[in-house]
Amino acid sequence: MASLVTEDLFRTMLAERSGLPADGLWVQAHMVPRDFGVSWPLTVPEADAVLTKLHDRLRQVLPIPLAHSVGSGSGASPGRRYTYLAEITDRYQRCDTRRILQRIHQCGTTPLRPAFGNEIYDPRSERGWGARPSATRDSEGKPNWAWWQGVREAGPRPLHRMPDPYAGEGGPPVDRALTLRGDQTSYREALTVAVREDPRQIDCWAHLGSNAFDRADTEKEALSDALGYYQTAVAVAELSLPGAFTGVLAWSDLDNRPFHRAMHGLGLTWWRLGEMEKAAAVFRNSLWTNPDDNQGIRYLIGQVQAGVL
């Protein structure tokens, strides 16, 4: 390594550490003297210290969420509303997640919509799990129902639909990628190209996360990669939610499934990383927004809350 670090070399080093293209880091490198009280060229220790701080800054979670606010006047506290990613963690795993969200926000976000017919989810109807669901172990495991009391007490809530997750011309990019699944390299490349061209492709982010999660036993960085993909998918989906979202996103509505897949994967990944509180918060979101629990989260959340690895 050079004994002194010029601005151009520093920009290259920041690109290598962050995974971002060097051409997009001109401003960050140019502002180093002003932001950190140093001057070019930097010594190697100075460069390393500044790189660490800048890398951390690039990963800082954006406010809750970009388009809205969740305040004391919202009338809904955590546990009776969706808990945003920024309330669960203060750092994204990927350095580009923050930029992606800002880019989408600047171009304009698409809010979720009422379900067809303005339907209501009533936990006390036949659709619900009843006043005292059985906690007996079954073929899937032992269900935990502590969350269900809060859902019942909340009473009827409006059903919503996420924006069309496959908007655009042609078939869904995730479907085109899935045709290449026999060749994992081509499959991942197709998903990566899809999110690069349109970062709103929540399902492609979620499939990238699933693919990385499946490789975690054999590849050292795969679990970290999965975390980054799933966080980005969830954060992008959150841009369509209103502040203090208290409604229901039923799995039965196909437009909601990519978001639920992303939440499920994020919870599993944090669980495997030993981040129990974060995993539990994500699983509570899943159960709050989809009390029908088509993904079997009720079998997982009790283990997470008990600290079972």
Side-chain angles (χ1 to χ4, degrees), residues 5 7 10-32 34-38 42 45-68 70 83-106 109 191-192 195-196 199-202 204-206 208-209 211-213 216 219-239 241 262-263 265-279 281-282 285:
V5 179
E7 182 175 341
F10 179 87
R11 186 162 49 84
T12 300
M13 293 165 66
L14 181 59
E16 291 175 351
R17 185 172 296 195
S18 67
L20 298 174
D23 287 347
L25 296 170
W26 287 97
V27 173
Q28 285 80 2
H30 183 70
M31 299 302 289
V32 162
R34 191 201 72 174
D35 290 349
F36 298 97
V38 294
L42 306 181
E46 284 177 332
D48 188 61
V50 173
L51 280 170
T52 299
K53 293 176 181 177
L54 265 181
H55 184 259
D56 187 64
R57 182 182 296 178
L58 288 168
R59 295 173 52 231
Q60 287 180 355
V61 170
L62 286 165
I64 312 170
L66 273 178
H68 338 282
V70 177
T83 302
Y84 285 95
L85 192 60
E87 298 176 89
I88 300 172
T89 184
D90 61 357
R91 293 293 183 276
Y92 301 120
Q93 182 66 25
R94 295 174 61 92
C95 286
D96 62 348
T97 300
R98 184 183 176 98
R99 289 187 170 193
I100 286 168
L101 299 176
Q102 290 172 324
R103 173 183 162 194
I104 295 172
H105 184 64
Q106 289 168 359
T109 58
L191 291 171
T192 301
V195 296
R196 186 183 303 133
R200 298 171 300 173
Q201 295 291 336
I202 299 169
C204 289
W205 286 114
L208 281 166
N211 181 269
F213 188 90
E219 297 183 23
K220 183 179 179 181
E221 301 299 326
L223 204 57
S224 294
D225 290 343
L227 179 62
Y229 292 135
Y230 282 132
Q231 281 183 335
T232 305
V234 169
V236 169
E238 287 181 349
L239 292 176
L241 302 182
M263 282 194 284
L266 179 57
L268 290 175
T269 303
W270 261 327
W271 185 8
R272 188 158 177 182
L273 287 167
E275 297 279 2
M276 302 305 194
E277 291 186 9
K278 294 176 181 177
V282 175
N285 274 341

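For the single chain, residues carry numbers from 1 onward in sequence order. For the numbers below, each heavy atom of this structure counts, side chains included, while hydrogens, waters and symmetry mates do not.
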Working for side chain to side chain contact (heavy atoms under 4.5 Å, CB included), residues Arg17 and Asp48: CA-CA 11 Å; Arg17 185 172 296 195; Asp48 188 61; 3.1 Å; yes
Residues Leu191, Asn211; criterion side chain to side chain contact (heavy atoms under 4.5 Å, CB included); working and verdict: CA-CA 10 Å; Leu191 291 171; Asn211 181 269; 5.5 Å; no
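Shown here for Gly267 and Ala279, the closest heavy-atom pair between the two residues is O-CB, 3.4 Å. In terms of heavy-atom proximity, Gln231 sits nearest to Gln93 at OE1-N, 2.6 Å. Taking each heavy atom of Ala212 and Ala226 in turn, the nearest pair found is CB-N, 3.6 Å. Heavy-atom minimum distance, Ala216 versus Leu223: CB-CD1, 3.8 Å. In plain terms, the two heavy atoms of Arg59 and Cys95 that are nearest each other are CG-SG, 3.7 Å. Residues Leu51 and Met13 share a closest heavy-atom pair of CD1-CE, 3.5 Å.
The number of heavy-atom neighbours closer than 6.0 Å to CZ of Arg200, taken from other residues, nucleotides and ligands shown, is 12 or below.
Between the side chain of Gln28 and the backbone N or O of Leu54 there is no donor-acceptor pair closer than 3.5 Å.
Contact check for Val282 versus Tyr230: no side-chain heavy atoms found under the 4.5 Å cut-off. When side chains are defined from C-beta on, Ile104 counts as touching Pro199, because their heavy atoms get closer than 4.5 Å. Between Lys278 and Thr89, the closest side-chain pair of non-hydrogen atoms falls below 4.5 Å. Two residues are said to be in side-chain contact when any heavy atoms from C-beta on lie closer than 4.5 Å; Leu58 and Arg98 fail this criterion. Two residues are said to be in side-chain contact when any heavy atoms from C-beta on lie closer than 4.5 Å; Leu42 and Phe36 fail this criterion. Inter-residue side-chain proximity for Glu16 and Thr12 is flagged as met; some heavy-atom pair is nearer than 4.5 Å. When side chains are defined from C-beta on, Gln60 counts as touching Arg91, because their heavy atoms get closer than 4.5 Å.
The distance from atom CG of Asp56 to atom OG1 of Thr52, rounded to the nearest 0.5 Å, is 9.0 Å. Separating the CZ atom in Arg57 from the CG atom in Asp35 is a distance of 5.0 Å, to the nearest 0.5 Å. We find the OG1-CD distance between Thr109 and Glu238 to be 12.5 Å, quoted to the nearest 0.5 Å. Between the CG atom of Leu62 and the CG atom of Leu85 there is a distance of 10.0 Å, given to the nearest 0.5 Å. Atom OG1 of residue Thr97 and atom OH of residue Tyr229 lie 10.5 Å apart, to the nearest 0.5 angstrom. Separation of atoms CD (Gln106) and CZ (Arg99) is listed at 11.5 Å; rounding is to 0.5 Å.
Taking the ring-ring contact (aromatic ring centres under 6.0 Å, His included) definition, one finds that Phe10 meets it with Trp40, sequence neighbours left out.
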What pairs of donor and acceptor atoms, side-chain ones from residues 18-27 against any protein atom, are under 3.5 angstrom apart with sequence neighbours left out?
{"unit_1": "Ser18", "atom_1": "OG", "unit_2": "Leu14", "atom_2": "O", "d": "2.8"}
{"unit_1": "Ser18", "atom_1": "OG", "unit_2": "Leu20", "atom_2": "N", "d": "3.2"}
{"unit_1": "Trp26", "atom_1": "NE1", "unit_2": "Asp23", "atom_2": "O", "d": "3.2"}

